[in-house]
> 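The structure's right below; bear with me while I get my questions together.
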Amino acid sequence: GYGLETLLFIRQHCDVPIIMLSDNYDPASLVDALAMGADDYVTKPFSVKEFTARVLAKLRRSCMGTSLMKTRFGNPQSGLLDWNRQNEGTAEVTEKRPFIMAVDDEPAILMILKRILHSAGFEVVTAPDGNTALELFRKREPDMVLLDIMMPGLDGFQVLNRIRQQ
């Protein structure tokens, strides 16, 4: 479909990890999304521990080819939470925390994502729709995007396409 073609196009132009969020588990869509370049596919509702582990794993994989993960986010072996506890109160914590953008049209989902990710030590910005996400992306490129697939107005795939064109 159109969305998967857009994902393939995006993946060819940008390496920011992309985790697609969906309200429905559809095995065919999951396989297609992964085959076309999505880094992961998470179905709502999700386990907090599993979700957090998936986010950390994707960030590690996107940065582990070099020492970028360690340089930017502390020691990846000890985990982000341990690193944040060790550096609590220092000026470097806010500069080095991974910056994640969560985009979803459901306010309750955004609130949950923000709480989960913030408590895990991430810096989080939320957007309730595609246009807001694009405005925020122009101001500061995130380390990862969590993007709802089905949204009114611009859907997740359209948002990704426009981000890549900037």
Side-chain angles (χ1 to χ4, degrees), residues 7 10-11 13-23 33-34 37-66 68-85 87-88 90-151 154-164 166:
L7 179 59
I10 291 163
R11 180 51 66 216
H13 294 88
C14 185
D15 288 331
V16 171
I18 302 165
I19 297 179
M20 302 303 289
L21 304 175
S22 178
D23 289 334
L34 294 174
D39 294 294
D40 206 348
Y41 183 101
V42 176
T43 305
K44 301 177 267 184
F46 46 78
S47 154
V48 172
K49 286 184 179 182
E50 179 183 350
F51 179 74
T52 305
R54 286 174 181 257
V55 168
L56 275 170
K58 299 310 172 212
L59 285 171
R60 273 195 313 268
R61 287 186 191 125
S62 72
C63 298
M64 290 305 285
T66 65
L68 182 61
M69 182 74 171
K70 188 171 184 177
T71 302
R72 290 180 68 188
F73 310 135
N75 184 353
Q77 303 306 321
S78 66
L80 188 62
L81 284 173
D82 292 339
W83 181 82
N84 278 335
R85 278 190 215 108
N87 294 282
E88 196 168 5
T90 68
E92 290 185 307
V93 172
T94 56
E95 294 173 3
K96 292 190 176 191
R97 295 187 321 175
F99 178 57
I100 298 176
M101 179 186 296
V103 185
D104 201 303
D105 60 315
E106 297 179 44
I109 296 295
L110 285 178
M111 182 183 72
I112 290 167
L113 289 171
K114 188 169 186 170
R115 284 184 182 171
I116 290 169
L117 296 167
H118 186 68
S119 69
F122 298 105
E123 182 180 353
V124 182
V125 64
T126 60
D129 57 63
N131 287 322
T132 303
L134 292 172
E135 289 175 28
L136 293 171
F137 194 90
R138 283 185 207 108
K139 292 178 183 176
R140 181 176 176 198
E141 185 174 325
D143 296 303
M144 175 180 281
V145 176
L146 304 173
L147 188 55
D148 188 19
I149 293 173
M150 300 301 293
M151 295 186 291
L154 297 176
D155 68 20
F157 295 112
Q158 292 169 319
V159 171
L160 286 173
N161 188 34
R162 291 188 185 186
I163 285 172
R164 300 305 191 251
Q166 293 180 13

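Basis for what follows: all heavy atoms, side chains included, without hydrogens, waters or symmetry-related copies.
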> Taking it one step at a time, do Phe51 and Leu21 satisfy side-chain contact (heavy atoms from CB on, under 4.5 Å)?
CA-CA 11 Å; Phe51 179 74; Leu21 304 175; 4.3 Å; yes
> So which heavy atom on Leu59 is nearest to which on Pro98, and how close?
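Closest approach of Leu59 to Pro98: CD1-CB, 3.7 Å.
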> Could you point out which residue of Glu141, Glu135, Arg140 forms a side chain to side chain contact (heavy atoms under 4.5 Å, CB included) with Arg138?
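Of the listed options, the one satisfying the test is Glu135.
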> Quick one: side chain to side chain donor-acceptor pair (under 3.5 Å) partners of Lys114, sequence neighbours excluded?
none
> Could you tell me the separation between the CE atom of Met20 and the CE atom of Met150, rounded to the nearest 0.5 Å?
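Between atom CE of Met20 and atom CE of Met150 there are 10.5 Å.
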> Using a 4.5 Å cut-off on heavy atoms from C-beta on, say whether the side chain of Ile149 contacts that of Tyr41.
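Tyr41 reaches Ile149 side chain to side chain.
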> With sequence neighbours excluded, tell me which residues meet side-chain contact (heavy atoms from CB on, under 4.5 Å) with Val125.
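side-chain contact (heavy atoms from CB on, under 4.5 Å) check on Val125 returns Phe99, Met101, Leu136.
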> Within the 4.5 Å heavy-atom criterion, are Ile116 and Thr52 side-chain neighbours or not?
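Yes. Closest side-chain heavy atoms under 4.5 Å.
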> Check whether any side-chain heavy atom of Leu154 sits under 4.5 Å from a side-chain heavy atom of Asp129, and report yes or no.
no
> Please examine the side chains of Ile109 and Lys44, heavy atoms only from C-beta on, and report whether any two atoms are closer than 4.5 Å.
yes
> So, using side chain to side chain donor-acceptor pair (under 3.5 Å) as the criterion, who are the partners of Thr43 when residues are at least two apart?
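If we apply the side chain to side chain donor-acceptor pair (under 3.5 Å) test to Thr43, skipping adjacent residues, there are no hits.
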> Working to the nearest 0.5 Å, report the span between CG of Asp104 and CG of Asp148.
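Going from CG on Asp104 over to CG on Asp148, the span is 4.0 Å.
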> Compare all side-chain heavy atoms of Val145 with those of Val159 and state whether any distance is below 4.5 angstrom.
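Counting from C-beta outward, Val145 and Val159 never come under 4.5 Å.
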> Please walk me through it: do Leu146 and Val42 pass side-chain contact (heavy atoms from CB on, under 4.5 Å)?
CA-CA 10 Å; Leu146 304 173; Val42 176; over 6 Å; no
> Please evaluate residues Asp39 and Met144 with respect to the criterion side-chain contact (heavy atoms from CB on, under 4.5 Å), reporting the C-alpha separation (whole Å), side-chain torsions for both, the decisive distance (0.1 Å), and the verdict.
CA-CA 10 Å; Asp39 294 294; Met144 175 180 281; over 6 Å; no
> Check this for me: does any side-chain nitrogen of one of Arg54 and Asp40 sit under 4.0 Å from a carboxylate oxygen of the other?
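Yes, charged N to carboxylate O under 4.0 Å.
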> Grab the two heavy atoms, one from Ala102 and one from Leu110, that are nearest each other, plus how far apart they are.
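Heavy atoms only, the tightest pair is O-CD2, 3.5 Å.
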